[in-house]
Every structure is written in structure tokens, then in C-alpha cells.
Amino acid sequence: MRAVVKDGIATFSPQGFLDGNNANAYLSIEDVEAAKNLKTDMILVSLKKVVFFNRNGLDIFIKLFSKIRKKNIATVGFCDYDQNKYDAIMRFYKGDINFSLFKTLGIAYLFSSSYKNLNKSVLIYSEDGSQRSAIAIELHDNGHSPSIAKSLEEYNERKNSFDYEIDLTFLGQMGQKIATRVSGNAIIYTVSSFLDIEISDNFNIEYHNNSLNVGFRLFIFDAYKVISMNVHALNFFSRLSTSAAEYNATICFVGMKFDKTQISFKENMEDAGILFYNHMDDILQNKKLLKELGASSAANIKNKRTLNKESVIELPKFINAAAVTIEMMTNSKAVKESAAVQSLTIDKKEGKIASSIGYYGDLDGMVVLVFPSAIAKKACELLIGEDTNDIELILDTLAELVNIVGGKIKTLLADENISVNITLPRTYQDIESLLEVVQTRKGVQVELSFNGDKFLFFLTR
Amino acid sequence: MITKEQVASFIEKIPPEPKVLNATFALLKSGELVKAAKVAENDLALKTYLKNIVNKPIYGFKNEVSDISQIFGILGVSLSQQNVYNYMISLLSPKKWTLFKLNAHLFYELQANLSKKWQIILENLEIQDKELYTAISLLPASIIVTEALFSQNIEDVNLLRSTKALDYNTILVRLCGIDLFDICEEIARKWEMDESIYKIVQAASGVKPSTDKKINMLGKWMHLLLFYELSKAPYIKAGLNDFVDFQVGYISDIYDEFASLMEIK
């Protein structure tokens, strides 16, 4: 059984009965290897469609969790259960739970650093006071607004006026990945405690590089809770700042105190181009400063990268991946209508949405798909499964579609022994925000259509 | 990926009910076990199949049973009918499975397990209707149909299912507006199976509850039985555990009785 990956969480979904005789069968050696290599924040087992489980069955997954945690530092655990299942797990592992429990997958997403819906209001209740605090801290670090109910009565009284209510949830050993949130055009990483050599393992460099590639120019480290850092962390941040300079991006630290860290480190970091501020609002509430730092627009790239020969040679594969995916999703023939090397040109911008995905490895670049909203909905019908005008759902599904295109690109290139990885997809609710990212870049623009419905493919670096 | 035309072509290619089987059924229905056995003797493949099935451990016979009249005699009318139907369905299965890691042995094992446990369920529910014993035979046809329709698109399906948790039934409905169990019904109609058989199997999909209380209740038992079997290690390894969606809510009111009957602890 393979895990489904979305928004930084890989989920296994066994169905039916889970016991010591069958749980091993859910995970072949290849599945375990694939799970270990997943670059996700969390690996969870959904119990939604499990009607019976016992401790022996769960133990097999817990062994997998332990292997995964040795290989990467993802949060692992179970999700999608009711009160009875939660009570059973608590009874099985009383006092010895080093995995996490999330009542629903939706709740788990709130704790994923790759989750893009931020600033959710969340009401928390747990019988265990330390759990209540741990949940609130994690949520805050992930950019949400947690509120704690101190009793079940209070929880029941206040619920229904929050975006999410969290109960029956337990945070075991959490992943050590650095919490990430997006505020406007700035990316905020939350770091805490002692910063040492482990920062290079805990920092999601692929996400960071993807963010640079898709146009983010301001990166803020929320360092209020940092106690000190050593020379390894200093070198890491200096390197990060140097590589960001290639994109004309800025790295800032907010709230960092140097009473337990050598002050010379600050000077070294400033020499590497890192800026220091006392408070987050000093940056986020200062529009002039934001503009200077590059967060008001993502378009001011000094070092424009152009499409190289290697990408152009493989161009048919990229177009093929997009066409084949649309054909698979719509059961219709996708037809190439025109192609040209140019900057992205979109005649009518209204009513269009877009999605992009980056790839890196032997080749690097970015694929962009632009659709009229109604056509995007048609292209995503197989994934959506219902008639909807919910733009968030359509954008979310478009991200899934472009993720499949990315997967297809990876497979087609692998046939030629070209190894690439794909980044998380990004969606754009309007064309202006897409153009901020790519309008200065040249690439190959291809007009495609299926069933007479036109959409646009753009390949750039 | 899969078009309505492909589905129509699959349905069209379902072979008619073999004459020997037709005659065997007619005699079984009228309770003529000996005559039915004589007719069935003419189909060597059927004879081998029945011998193979009834000698599986789940039937619990101490000595090997090899003669068809002996098999029919031991099984009685309804179970003989059920096993002849199982044979008919097996005729549709591919020589080589590619989407699911199955083989003839494993598939027959699944048929035998489902059939025997369905018998236990019907006896527990004190249901005598002979046709209802045969309803379980049609259920594995959904697996055969999935294999036939999706085996040409394994890579695409895997890519799709790594992004979104979609079962084969949902993919087929969204692409073609017809589901696996509708195709099973087409098979049943073509082979002139009793209406109650495909109605129960439709309800057993878990997504189309029947308005007929009895049919719906049997659909629930069949749905849960299917997932009880598909939770066994060989079928999980074969990739069958999530080929259709398990509807936990649909079976919640019968679960305790099922667990007690199957001695699940």
C-alpha cells in the first residue's frame, strides 16, 4: 500500500481489519522504503476505514514509524478516529506513546509546515494540561491562533465559533522540521532553543529553494525563542544568505538576543547580508520597508535565469506530461495548437487561475499551467467529483493536477536516465500574482486545448 | 483513461451462459441433483473447478471428494448452485492478472471463503431462499471487471492514486458514469441470474443502499464480509484491500453481530 501525499503529509489508509496477522501485508519492503524516503512533514495512518484493530496490528505500524524517524525527522502517528478508537489506543499504550494522534487529517494539516491555509482560529481541549500547552505552541509556531479551553464544559460552550476545534489529539514526538508560514509575500520560519549543526537537517532546504524559484524574496526567521547558536548554525545561515543573494532575496532575523551567543556572530551574519529586527511588526507593518526588502513584489529578480538547451531538448516530454495528464483526467484528446519562445503572455487575464510546479536535479525549472476557471474545473472533474464553485477547492485540486503532471515529468525523464525531483505545487488565484513571479522570465509558451477548451502551458527556469 | 466505449465493449464481450451450465442450473433449480451432476460431468473444466473448491480446507471434508454427483449430494441444491455460479464467474477471470497480484488459486480461494462464510451468515439470519445463497458468487466479478478495465492504465492509475485517495469504483464513475457494480449487474442480466442477486450485490457496493429492507440488510452483510476477506494478508498484498471504498458507516449496525459470528476478538 502506498501513501497518498498532500500538503506535506503522507497518509496510509488501510481498510477493514487490522491485526497482527495482516498489518505487515499493508507495508511491503518497497512501501517502507518509499515511506522512509518521502520528504514530508508527517507520515500518518488513517483509521477512518478501519472497523477493528488490536495492539498487535498497530505495533507493526509503530515499528515502521520508528524506522522512519531514524531516517528522517517526520512526525508520525495515527489520525481519523472516534472516541472509542482513541480510548483504545490510549489504553494499549498507556504512558508509552511516542507517536502522535490527530482526531482528523484536517487537524493534522494544521501542524504541517507545508500547509498553506494559515491564520486559522483553533480551540483546543485536552484533559492533559501539558498537551494543551504543547498543542497551542505548535499551532502558534505554524501561524495559527490557538485558544485553550481549560475544561470540557468550556470547550463545549465555546466551540462552533472557531475555524477548527481540537480534542482527542495527542502530540507525541513531533518532527523537528522548522515551522514555516507565509505572510503576504514573505516566508516566516520559526526557530527556537539551541541552533547547532542539526539546523541543516531540520531546515527544509527544498521548500526554501522552491520558494526562491517561485519568486519569494523575503525570508524572516522568527527567533524570539532562540537561546543561543553555535558556529555550525552561523555557517548555515551565512551560506543561506549568500545563496539567497543570487536571487536578490533578503534574509532577516527577528527577536534574536545575543546575551548567550557571541556578538561577533551577529557581525558575521550581518556581513553575509542578514538583517536583524527586534519585532516582527517592525517588518510586516512597514510597507515601505517591505517594498525595500522585496516582499511587496516577487518580480525584482536581478539574475534572470533563462531556459537552457537541456530543458529545450526535453521540451516534448514536458508538454507530453501535461497533455497526457489532461487526457487521463478528462478522457479527451489534448491538442497542441501553438508554441513560441517568449515571456509569459496572457491576453485576457480575468477569470483565469494558474498552478505551477518546480523540478530540480539533473534539470531544473518550472512548469506553469494557466486555465480559465471553468475549464480548470472541467480538467479537475475526476479529482473533485462534484459540481462546485468553491474556488479554494478548485485551486486545491488544480495543485493536485499539476502535482500529477510533475509526477509524470519525473517518470518520463527517468526513462531517459534524467533524475529530477519535484517541488510542492503552488496555485495562483489571479494572473497578476502569477505574473509577479514569472513575467520577466523567458520560456516556452504552448497553447493546448481539450474538447475545444484552451489552456496554456509555460516552461521556464 | 477509460472511456464509455471501452466499458460498452467489455459488456458486449461477456460471453453467453454456456449451454451445459444452463442445463445444469435448470436441473438444480428443480432439485434434480443426480441429473444435474450427469449433465455437469460433460464439462471437464467445471468438474475440475468444483473438485478443487469443495476440497479446500474451509469446507472441512476429511476425505477427498471427487465425483460430481457426490459433490452435489454433499452441498445440496443451494450450495451446488452457488458453486456452479462461482465457476461461471471464474470463466471471466484473466489468465494472467496484472493490476492485482492474483492468480487462479488465490481467486478461487477468495470465492470459496466468501461462499462458505455467506452460507454461515444466511444460516445465522435464518434465510432459506436458495437464490440468495448464490448472490455471493457475483461479488468477485467486480474484481475481474476492475482488472479488465484498469490493467492497461496501471501507471496512470498509480500516479493518480498517489495524489488522491480514489478507489477504482469512484474513478470509473467519474470517468464513465457507470460503476463496477453496474457492470456486475450487466453480467448477471446477460446470464439470466435472479434479480435479487444483482440487487444485493449493488447494495453491497456500500454506496447504493437498497430501499428494500431485506436486500439492504443483506447488502450490509455482504459489504462487511467482502472487507473481512480483503483484510487478509494475501489479498492486501494482491492490492485488493482498497479497490473499492469500505463504508464503515453503512455496516455499523450489524458489526457486533458479524464480529460475534466470525469470532473476532
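No experiment lies behind these values; they were computed from the predicted model shown. Side chains are part of it too, since the values below use all heavy atoms of this structure and drop only hydrogens, waters and symmetry mates. A note on names: the letters A, B, ... follow the listed sequences, proteins ahead of strands, and every chain is numbered from 1.
- Within the 4.5 angstrom heavy-atom criterion, only backbone atoms of A:E381 (N, CA, C, O) approach chain B.
- Donor-acceptor pairing under 3.5 Å is recorded for the side chains of B:S115 and B:N86.
- Of the two parts of A:Q15, the backbone and the side chain both hold a non-hydrogen atom closer than 4.5 Å to a non-hydrogen atom of chain B.
- Interface summary for chain B: among A:A23, A:G407, A:G385, the most heavy-atom pairs under 4.5 angstrom belong to A:G385.
- Residue contact with chain B, scored on non-hydrogen atoms closer than 4.5 Å, involves the backbone of A:K48 exclusively.
- For A:I384, the part sitting under 4.5 Å from any heavy atom of chain B is the backbone (N, CA, C, O) and nothing else.
- Of the atoms belonging to B:L175, heavy atoms from both backbone and side chain fall under 4.5 Å from chain A.
- Counting heavy-atom pairs closer than 4.5 Å to chain A, the top-ranked of the candidates B:C176, B:S162, B:A165 is B:S162.
- Side-chain polar atoms of A:N389 and A:K377 form a donor-acceptor pair below 3.5 angstrom.
- Contacts of B:N158 with chain A are absent, with no heavy-atom separation under 4.5 Å from either backbone or side chain.
- No option in A:Y81, A:F102, A:F78 other than A:Y81 meets the ring-ring contact (aromatic ring centres under 6.0 Å, His included) test with A:Y86.
- Contact tally against chain A (heavy-atom pairs below 4.5 Å) for B:T163, B:V173, B:L230: the top residue is B:T163.
- Contacts between A:T11 and chain B at a heavy-atom distance below 4.5 Å are absent for every atom of the residue.
- Considering only heavy-atom pairs separated by less than 4.5 Å from chain A, the leading option among B:V157, B:N153, B:V248 is B:V248.
- Residues B:I89 and B:L138 come closest through the heavy atom pair CD1-CD1, 4.0 Å.
- Minimum heavy-atom separation, B:L110 to B:Y235: N-OH, 3.1 Å.
- Side chain of B:N83 to backbone of B:L79: a donor-acceptor contact under 3.5 angstrom is found.
- Only the side chain of B:E155 comes within contact range of chain A, judged by heavy atoms closer than 4.5 Å.
- Annotation for A:F457 and A:A322: closest pair CD1-CB, 3.8 Å, computed over non-hydrogen atoms.
- Classification of B:R189 and B:E185 as a salt-bridged pair holds, one side-chain N sitting under 4.0 Å from a carboxylate O.
- Heavy atoms closer than 4.5 Å to chain A are found nowhere in B:L226, neither backbone nor side chain.
- Salt bridge annotation for A:K408-B:D156: present, with a cationic side-chain nitrogen under 4.0 angstrom from a carboxylate oxygen.
- The greatest number of non-hydrogen atom pairs below 4.5 Å with chain B, out of A:R2, A:M1, A:M328, is found for A:M328.
- Contact annotation for B:Y228: both backbone and side-chain heavy atoms come within less than 4.5 Å of a heavy atom of chain A.
- Proximity of the aromatic rings of B:Y168 and B:F243 is defined here by a centroid distance below 6.0 angstrom, and this criterion is not met.
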